[in-house]
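Inspection log for the structure reproduced underneath, given as structure tokens.
Order of the sequence lines fixes the chain letters, A, B, ..., with proteins taken first and strands second; residue numbering starts at 1 for each chain. Just the heavy atoms: all of them, side chains too, but no hydrogens, waters or symmetry mates, feed the values below.
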Amino acid sequence: DAKTTQPPSMDCAEGRAANLPCNHSTISGNEYVYWYRQIHSQGPQYIIHGLKNNETNEMASLIITEDRKSSTLILPHATLRDTAVYYCIVRVAGDPSAGKSTFGDGTTLTVKP
Amino acid sequence: NAGVTQTPKFRILKIGQSMTLQCAQDMNHNYMYWYRQDPGMGLKLIYYSVGAGITDKGEVPNGYNVSRSTTEDFPLRLELAAPSQTSVYFCASSYGAGLNSYEQYFGPGTRLTVT
């Protein structure tokens, strides 16, 4: 699995959009980009994933660059409850061993009043 | 659905003791995983299973054993506990191979201290 690089921490004002970047310059053509978050000490929570097209769901939007070497997770209107560690992971869908990929250190997002 | 459940929530072990961390899921998922998370760090994969009777090592398997006799259960065994195994342990599951299969569902974690 390709490795990812994320900034260790970011701040965002409540109500504003939070844009979390992820670099995955060695991603291969069959690898998807997944985003999870971990609030305080809870188990990680799935947010969104994509291959090459931009994706949106009720939680967030995922923007993947045309060359697929980086992506941005967008929380459109951040709230205090979005304060968490956000993990960007790349995995091959359909590969039974894809779960071997390790969650990195992620980005700690702090939403401030 | 209860999702992924883990027991116990907390445990303190003495060096050299053994214990089993329990994990169960009621979503009929094929894949199950065990991760550990040390303070301030990301999650590291210990073992995973793609179905009953099939397990494989992850990144940090030493000191642990697993079994998968049923689809629902995936216990993690610690033999001869060491202080280095002090961590939070998360169990997760996902449906299986395919486009949307790697959406993983995580349990609440077991906080283990070895002293």
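A heavy-atom distance below 4.5 Å is not found between the side chains of B/F90 and A/Q42. The shortest side-chain heavy-atom distance between B/V88 and A/S41 does not fall under the 4.5 Å cut-off.
Both B/M32 and B/L78 are members of a single hydrophobic cluster when ILVMFWY side chains are connected at heavy-atom separations under 4.5 Å. Note on A/I74: it does not cluster hydrophobically with A/L62, by side-chain heavy-atom contacts below 4.5 Å among ILVMFWY residues. Hydrophobic clustering, with ILVMFWY side chains joined whenever heavy atoms are under 4.5 angstrom apart, keeps B/Y35 apart from B/L21. Linking Ile, Leu, Val, Met, Phe, Trp and Tyr residues whenever their side-chain heavy atoms come within less than 4.5 Å places B/L13 and B/Y89 in a single cluster. Hydrophobic clustering places A/I47 together with A/L80 (ILVMFWY residues linked when any side-chain heavy atoms are closer than 4.5 Å, directly or through intermediates).
Between the A/D105 side chain and the B/G42 main chain, a donor and an acceptor come within less than 3.5 Å of each other.
Of all the heavy atoms in A/Y46 and B/Q104, the pair that sits closest is CB-O, 4.1 Å.
In the hydrophobic clustering, B/V4 connects to B/M27, B/Y105, either directly or through intervening members, whenever side-chain heavy atoms lie under 4.5 Å apart.
Around the CZ atom of A/R16, the shell of radius 6.0 Å holds no more than 12 heavy atoms that belong to other residues, nucleotides or ligands.
Along residues 108-115 of chain B, the residues that come nearer than 4.5 angstrom to chain A, judged on non-hydrogen atoms, are B/P108, B/R111 in order of number.
Judged as a side-chain hydrogen bond (donor to acceptor under 3.5 Å, both in side chains), and not counting sequence neighbours, the contacts of B/S18 are B/E79.
Contacts of B/Q6 with chain A are absent, with no heavy-atom separation under 4.5 Å from either backbone or side chain.
To the nearest 0.5 angstrom, B/E103 atom CD is 9.5 Å from A/Q45 atom CD.
Legend: disulfide (SG to SG under 2.5 Å) pairs involving residues 32-85 of chain B, not counting sequence neighbours: none detected.
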